[in-house]
Amino acid sequence: MIDPLRIRSLNDAPVRPDREWVLYWMVSSRRIGFNPALERAAAHARALKRPLLVLDAVECDYPWANARFHACAIGSLWDLAARFQSAGIAHYPYVEPEPGAARGLLAALAAQACVVVTDDSPAFFFPRSRAAAARRLDVALEAVDGVGLLPVRAAPRGFLRAVDFRRHLASALPTHLGRFPLADSLSEPLPRAPSLPAAVTARWPLARPGDPLPAVVDRSVAPVAWKPGETAAIRDLRSFVARLDDYTEDRRHPDREGTSRLSPALHWGHLSVHAIWAEIADRCGVDVVAGWEGLPEPHRNFLDELVTWRELTHNTAAFLPNYDAYDSLPWWALESSAKHAGDPRPYLYEVEDLETASTHDPVWNAAQRQLVAEGRIHNYLRMVWGKKVLEWSPSPEEGFRTLLHLNNRYAIDGRDPNSVGGIAWVFGRYDRPWGPERPIFGLIRYMSSEATVRKVKMKEYLRNHQ
DNA sequence: ATCGGCTCGCGCAA
DNA sequence: TGCGCGAAGCCGAT
């Protein structure tokens, strides 16, 4: 059974049992495994004895759209198309050829739907687009939260420190581990797939592999080697879990690639946290309901990153107003930064200097080059990368904006509560004051490129990104 | 190599 | 009201 705390009704319109199909408007959970929204839509279809239709649309003018992100979004269409076809589910892959072309498609499919189910997600443009749909549709619209192990909106409040969120997690998690979504949302038989309505496909033609990239999409950020889609994500997951024993030590060193690198798959919804925990639990021979307290240290460390930190940042996105704006940072950090607003900045860079990795600092330049070339920065260096932009910007507000810009434009896991959380941490969120009080930083935790080179193994990394 | 000090806010015990 | 302690650090003293 789907956890009722994951389901929200977004409008007052009724379920209309005499219509043609149940529509799943797939948005941020683009997967078949452990997808409570898809599971919910399938349950409606069985109860109403109607077929299931999945709308899987990629618009071309969402914020930060470019060729890199389009490749991520479109790549999963074909992975899903094959799997929906073999499950006998009608799948409507659509790639918008020009801005605004998709307008009306959801409504056209919803006009023949008994009920519409979509993904819940607290951030980016998703809340606005759901709200617009809720106003427009004449049929019940439900949002189902497949973000994490805990339903985001079931939290009693927003949490601003990991230690407090951990306490909440410890009390809430046992219940929710007992309400796992299905490993295969389509495991139970469904009514036969409808043929897609000709009047709709005539106006919004089905996407096909090899369709050209829409002309309007920004080509200046090129696709990267990361392979999108649930199938690839599960393969990557298994290979990571096999080397999890070394996680605690290896994740610190850029030369070792000990991190999971699963963050893009989580961001695009190609992989769920449930799938990751189930895979680890299975390999360790424990039941998912038992939790990970008894597992070895590397496993616990990874799950703390995956669950505590990831779900904390989603909690922040859902509960802290303007969570991605500078002035939502903690009071002590704003005050300390303000006190140092007049400090001289020995290095000041324009966004363009940063974007082209033209600073005096070889560590920072290497991280920025990795971001541009690969769409990611090694986790440890991502912190230093951020701290330096704080140091080299005319003001912390501008540094904050610059980091969001660089991250949203290049990172394949950007535009996500998690990466906003990482950037906000640079300016003090989730952290505490640290003496001694320094120029520019004030009491905000300081990091240096020089100490980083001493502490972590990154000779090859510096060679590879120059 | 390891250790303390730097500094603030919060939950909890008293 | 006091106490302990907290995402990833840094620096200097031992």
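In this model, no donor atom of one side chain and acceptor atom of the other lie less than 3.5 Å apart for A/Glu391 and A/Tyr446. When only modelled atom types and interatomic distance are considered, A/Asn418 and A/His267 share no side-chain donor-acceptor pair under 3.5 Å.
Annotation: proximity of residues 160-170 of chain A to DNA chain B (heavy atom, distance under 4.0 Å) is found for A/Arg161, A/Asp164, A/Arg167, numbered in ascending order. Proximity of residues 372-386 of chain A to DNA chain C (heavy atom under 4.0 angstrom from any strand atom) is restricted to A/Tyr380, A/Met383. Within a heavy-atom distance below 4.0 Å of DNA chain C, the residues of residues 305-331 of chain A found are A/Glu305, A/Trp309.
When distances are taken from the side chain of A/Arg438 to each of B/dC8, C/dC10, B/dC6, the shortest belongs to C/dC10. Among C/dG9, C/dA7, C/dC11, the nucleotide with an atom closest to any side-chain atom of A/Trp425 is C/dA7. The listed nucleotides are C/dG9, B/dG11, C/dG6; the one nearest the side chain of A/Met447 is C/dG9.
When the side-chain nitrogen and oxygen atoms of A/Arg251 are compared with OP1 and OP2 of C/dA7, none of them lie within a distance under 4.0 Å.
Among the duplex regions that DNA chain C forms, those built from at least three successive Watson-Crick or G-U pairs under 3.5 Å are B:1-6 with C:9-14, B:8-13 with C:1-6, ordered by first number.
Here A/Trp64 and A/His405 bring their ring centres to under 6.0 angstrom of each other.
Counting only residues at least two apart or in different chains, ring pair (Phe, Tyr, Trp, His ring centres under 6.0 Å) contacts with residues 407-427 of chain A comprise A/Phe400-A/Phe427.
Partner of A/Glu142 under the salt bridge (Lys or Arg N to Asp or Glu O under 4.0 Å) criterion, out of A/Arg40, A/Arg130, A/Arg6: A/Arg40 alone.
Residues passing the side-chain hydrogen bond (donor to acceptor under 3.5 Å, both in side chains) test with A/Thr316, sequence neighbours excluded: A/Tyr430.
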